[in-house]
Amino acid sequence: MSTQIPLKKNTSHKYIDEAMKLHEMGNIEDAIDDLLIAKSLNPRKMEIGKKLASIYLSAGSIQLALDELRILWLQNPNSEEIILEIAELYVQSSQASKAGEFYNRALQINPSNQDVLVVYGKLLFDLEEYQEALKIFERLKYLQIDNAEVLLSLADCYLKLDRNIKAIEHLKMAFKLAPHLKKLRIQLATVYIKEELYDGGLQLLKDLQEDQGLSLQEYILMIDALMGQKNYHQAQELINHCKEEYPKETILLKKSITLKKKLNLLDEVMNDYGFLLDQEQSLENIQDFCSFLEETDQYNHLQKVLVEINLDEESNAWANLKLAFLCKLDNPEYALECLNKALPFYSKDEDLHLLKGEILISLNYYAKATQWFEKLKDKFPGSEYDYKLQELIQKDKAYKETFSVLKKARAALESGHYKKALRYYEEIVEKVPDNRDWLEQLGSLYSYDTNYISAMESYDKALIYSRDDQKEELFGNQILLSTLYDDFSRTVELVDELSQVSTLQFYQKLQQIRAYRHLLAERSRDTEFFSSLLIQYQKQEKISLQLEDSLLCGYAYLYLGSHLLNVDDWVSGASKMFNKVISRTSEIALHPSAYEGLYLVAMLNSNQDKLISILREWIKVDAREKTKELYLQELSRLKLYKEALIFLQEEVKANPENLKWRVYKLNFAYTSWAHLDNKHIRINQSIKQLMSNCAQTGGKDSLAYFDLSMAYLIFTADRPSAEFLSRAQQALKKAIRLDSTLIEFHEYMLLCFDYEGKLEKIRPEWVNSKKKVYLEKHISLSPIADRLLMKLGILLLNQNEDHDNGRKYLMKSITLNPDLTEIDYYLGNYFFKESMMKPSYHHYLKFIEQAIPYVQWSQVKENMQRIL
């Protein structure tokens with residue numbers, strides 16, 4: 001009879017208990033053995049796997065713990081607890097991407113797990129996956145709407161994505177919830193300063209300083225804000241204070257150097273660099289010092305510094321490389337020696353190996369250059385070195401031939417023979433077509449020669465061979481030219497291209513709005529396009545904290561809204577924006593443009609009574625001559641002679657060599673005497689005083705003789721005589737002999753011709769002929785005298801037989817000096833008389849884009865209405 005063996009019950013729990021006891025006693029290996037037996041008896045029991053993973057982890061075996069948990073996860077794929085444990089272990093083992101994968105699985109099971117969202121969001125941020133982190137924190141924001149930390153994390157993501165406006169928006173929301181959170185206040189201050197909102201950033205830091213004190217890094221932020229405000233005195237005081245508290249921190253010395261560079265204290269900058277390098281002779285500091293020497297053209301000192309560098313292999317290689325570039329033209333043998341020392345450290349840089357070939361060719365070592373390029377074929381396969389060798393040889397020969405022509409070109413430029421210089425530079429660029437500087441010079445000469453198409457082509461070619469930090473000036477030249485020659489579509493394109501390589505300045509953004517206005521006037525696109533543009537400016541103003549955007553929005557109302565909206569809407573919108581800017585005293589740099597906007601609104605709205613009150617405030621914040629002249633012209637229109645004379649008294653005192661103010665003063669004095677019975681007595685007294693002034697200076701003050709000359713011409717205009725004319729001419733000629741550098745004297749000599757015409761009743765064309773000869777003579781001596789060119793252009797424009805040259809001279813003068821906006825007035829009048837309505841309208845439109853005297857506005861407005 002067989003005996004049946006009874007089945008034993010599962011006893012895995014006994015092994016688990018025994019394993020825990022062994023673990024507590026420190027007997028890890030036996031504990032693991034018991035758990036493995038328990039697991040073999042009950043392989044699907046989650047508790048066993050978790051305890052086994054825990055013991056592996058306590059023994060320092062993270063990977064074994066992970067393996068155990070992953071087995072459990074495969075058996076229980078929807079266990080949030082296991083998934084999160086796996087994710088946490090991946091974080092501990094620095095396998096962040098794997099951890100992210102499991103946090104994502106946990107969120108698929110429980111999308112509202114706030115703890116997971118926090119950890120996963122921070123993990124993604126650390127992995128620099130900012131867009132994905134942003135999505136996680138956005139989900140968390142809707143679950144924790146009052147959590148400042150979440151808003152701060154969102155702001156961090158937006159900052160990393162360069163979406164500063166959104167970052168500020170979330171930081172301000174967080175600030176309302178937790179205004180005393182230090183990290184938040186520092187972050188908000190940092191963003192404000194980064195966005196050049198220095199007042200806001202500085203105030204936050206000052207409040208924090210009072211409440212909790214500041215660390216060194218936070219003091220550095222405050223220094224940056226003060227320098228951004230151009231409050232250099234306070235910035236220097238703060239730097240000095242921090243130096244006492246942190247005497248060994250070189251960052252303060254670096255900030256001091258930055259500050260002194262802004263103040264142009266070059267000797268002190270040199271001293272500070274000496275102190276900096278004594279304290280911290282790092283490659284970064286040496287490179288910064290060398291950049292300063294290069295910027296200030298101290299090439300001998302730069303070479304000395306580079307030769308003396310001897311820190312480590314990297315520093316020595318960099319120094320030799322800089323020396324090679326520095327000396328390759330003046331001392332190619334030495335440059336080759338330095339480059340050979342540097343090349344082992346830059347073995348993978350093909351361009352530097354090509355540079356060696358170029359230097360060998362410049363030394364006429366053609367055989368060595370050929371051998372060198374043969375070696376490069378193996379080092380950098382795929383490059384066409386035979387072609388490059390021949391190209392470099394030809395280029396080198398062209399350069400050597402070119403330098404003799406370049407010498408002639410520079411001599412022609414210095415002597416003012418611009419036509420000759422233009423021909424030389426055309427020859428130079430034909431020989432060497434890829435030299436940025438020569439192409440830029442050629443473009444400038446074409447601009448002076450009023451050859452718009454060739455100038456733009458030269459600048460386009462120069463851009464190809466320019467680094468990004470060299471392109472802004474070239475784009476600026478093209479933008480100016482495209483505006484002068486009514487190529488407004490190109491203006492818009494150029495501003496867009498410039499924005500890709502440089503942060504746009506306010507005036508560049510304004511140029512684009514003005515160009516859009518001309519395109520709107522031409523109806524070059526649908527009205528909806530321009531309406532959407534206006535809406536974009538309005539939206540940007542609402543979300544932006546920068547007053548610059550409010551100013552741009554105001555000009556968008558002024559230039560675009562005046563065509564698209566009814567009068568009340570655009571006037572209200574523009575005035576609101578300009579007044580908003582003026583109300584912020586901290587942004588005084590923007591006030592001149594805001595006042596000009598208010599002036600234009602009042603003028604376009606035919607509200608002439610407001611002009612003088614706007615101008616009285618405007619000149620307080622705007623030192624430009626054109627603004628002050630506008631103020632004087634308005635005072636003249638309103639016959640406020642006393643106010644004008646008081647103003648001119650100060651201006652002549654502050655700017656004695658400004659001939660315009662001296663003439664204005666004499667004109668206002670004469671006009672104020674016009675209705676007096678003793679006018680002639682006043683005139684005689686004034687002339688005697690001016691003659692006395694000439695005598696008192698020993699006959700050596702050119703300005704005293706200028707005043708006397710103008711007094712004769714102005715005070716005796718209603719009773720001209722040959723004697724007065726002779727005295728005026730003699731006095732003005734004496735002034736010119738005493739100071740030949742003041743080219744403006746010649747401009748006022750033209751008044752003598754006008755006086756002579758009245759006196760002798762000479763026909764106007766004879767007077768103009770004399771003026772023409774005089775101007776041509778002095779322009780030949782000073783070919784870039786912009787105002788003389790303008791006077792000659794206006795003169796020729798009014799002569800029936802020489803209109804083309806008249807326009808050419810006017811375009812030359814405004815190219816040399818874009819502030820001569822009155823040229824658009826004369827060109828607008830000329831084209832209007834010739835019934836050429838489109839160019840006339842564009843020139844009038846450019847003229848009224850800036851504030852102009854009300855008298856001229858009335859005429860321009862009438863002509864523009866007739867054109868329309």
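Please read these numbers as outputs of a predicted model, since none were measured by experiment.
Counting only heavy atoms from C-beta outward, the side chains of Leu480 and Thr483 never approach each other to under 4.5 Å. Here the side chains of Phe647 and Ile619 are in contact, with some heavy-atom distance below 4.5 Å. Glu744 places none of its side-chain heavy atoms less than 4.5 Å from the side chain of Glu657. Residues Met227 and Asp224 have side chains in contact (heavy-atom distance under 4.5 Å, counting atoms from C-beta outward). The closest side-chain heavy-atom distance from Leu363 to Leu336 is below 4.5 Å. With a 4.5 Å cut-off on side-chain heavy atoms, Leu551 and Met577 do not count as touching. Side-chain contact between Leu474 and Gln470 is absent, with no heavy-atom pair separated by less than 4.5 Å.
When atom types are taken as modelled, the side chain of Ser256 and the backbone of Leu252 share no donor-acceptor pair closer than 3.5 angstrom. For Ser444 (side chain) and Glu440 (main-chain N/O), a donor-acceptor pair under 3.5 Å exists by modelled atom type. The backbone N or O of Pro656 sits less than 3.5 Å from a side-chain atom of Arg662, completing a donor-acceptor pair. With hydrogens and angles disregarded, no donor-acceptor distance shorter than 3.5 Å links the side chain of Glu249 to the backbone of Tyr246. Under a 3.5 Å cut-off, the side chain of Asn331 and the backbone N or O of Cys327 do not form any donor-acceptor pair. Side-chain atoms of Gln229 never come within 3.5 Å of backbone atoms of Leu226 as a donor-acceptor pair (strictly under, hydrogens ignored). Side-chain atoms of His353 do not come within 3.5 Å of backbone N or O of Lys348 as any donor-acceptor pair.
Residue-environment remark: NE2 (His233) stays at or below the threshold of 12 foreign heavy atoms within 6.0 Å. More than 12 heavy atoms of other residues, nucleotides or ligands lie within 6.0 Å of OH in Tyr299, so this atom counts as buried by the packing criterion. Around CG of Asn300, the count of heavy atoms belonging to other residues, nucleotides or ligands within 6.0 Å does not exceed 12. Residue Ile784 qualifies as open at atom CD1: its count of foreign heavy atoms under 6.0 Å is 12 or below. The number of heavy-atom neighbours closer than 6.0 Å to NZ of Lys628, taken from other residues, nucleotides and ligands shown, is above 12. Within a 6.0 Å radius of CG in Asp267, other residues, nucleotides and ligands contribute 12 heavy atoms or fewer. Open room surrounds CD on Glu284; 12 or fewer heavy atoms of other groups in view lie less than 6.0 Å from it.
To the nearest 0.5 Å, atoms SG (Cys290) and CG (Leu326) are separated by 9.5 Å. In this structure, the separation between CD on Glu280 and OG1 on Thr250 is 3.5 Å, given to the nearest 0.5 Å. Between atom CG of residue Leu352 and atom CZ of residue Phe345 there is a gap of 12.0 Å, rounded to the nearest 0.5 Å. Ile286 contributes atom CD1, which lies 9.0 Å from atom CG of Leu306 (distance to the nearest 0.5 angstrom). Between the CD atom of Glu629 and the CZ atom of Arg624 there is a distance of 12.5 Å, given to the nearest 0.5 Å. To the nearest 0.5 angstrom, Ile239 atom CD1 is 8.5 Å from Lys255 atom NZ.
Look at Lys620 and Glu617 and you find a salt bridge, because one of the NZ, NE, NH1 or NH2 atoms lies within 4.0 Å of a carboxylate O, short of that distance. By the 4.0 Å N-to-carboxylate-O rule, Lys471 lies too far from Glu497 to be salt-bridged with it.
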Let me see the working for Glu414 and Arg410 under salt bridge (Lys or Arg N to Asp or Glu O under 4.0 Å), right down to the final yes or no.
CA-CA 6 Å; Glu414 289 171 7; Arg410 287 173 175 167; over 6 Å; no
For Glu541 and Lys580, run salt bridge (Lys or Arg N to Asp or Glu O under 4.0 Å): C-alpha distance rounded to whole Å, both residues' side-chain angles, the deciding distance at 0.1 Å, then the answer.
CA-CA 11 Å; Glu541 196 280 330; Lys580 179 179 177 181; 2.6 Å; yes
Between Asn658 and Glu651, is the side chain to side chain contact (heavy atoms under 4.5 Å, CB included) condition met? List the steps.
CA-CA 9 Å; Asn658 190 315; Glu651 281 302 312; over 6 Å; no
Report the C-alpha distance between Lys660 and Glu625 in whole Å, list the side-chain angles of each, state the deciding distance to 0.1 Å, and finish with yes or no for salt bridge (Lys or Arg N to Asp or Glu O under 4.0 Å).
CA-CA 9 Å; Lys660 188 179 289 186; Glu625 182 179 299; 3.0 Å; yes
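Ring planes of Tyr448 and Tyr418: tilted class, angle from 30 to 60°. Between Tyr219 and His241, the ring planes lie perpendicular to each other; the angle is over 60°, past the 30° to 60° tilted range. Note on ring orientation: taking the six-membered ring where Trp is involved, the planes of His301 and Phe289 are perpendicular (angle over 60°, cut-offs 30° and 60°).
Between the side chains of Ser315 and Asp312, at least one donor-acceptor pair of N or O atoms lies under 3.5 Å. Side-chain N/O atoms of Glu218 and Ser215 include a donor and acceptor closer than 3.5 Å. Side-chain atoms of Asn316 and Lys341 include no donor-acceptor pair closer than 3.5 Å. Side chain to side chain, Tyr273 and Asn285 fail the donor-acceptor criterion of an N or O pair below 3.5 Å.
Tested against Asp272, the residues Lys261, Lys243, Lys260 include a single salt bridge (Lys or Arg N to Asp or Glu O under 4.0 Å) partner, Lys260. If you run side chain to side chain donor-acceptor pair (under 3.5 Å) between Lys322 and each of Gln287, Gln303, Glu294, only Glu294 comes through.
For Phe578 and Tyr555, the gap between ring centers is short of 6.0 Å.
When all heavy atoms of Gln298 and Phe292 are compared, the closest pair comes out as NE2-CE2, 4.0 Å.
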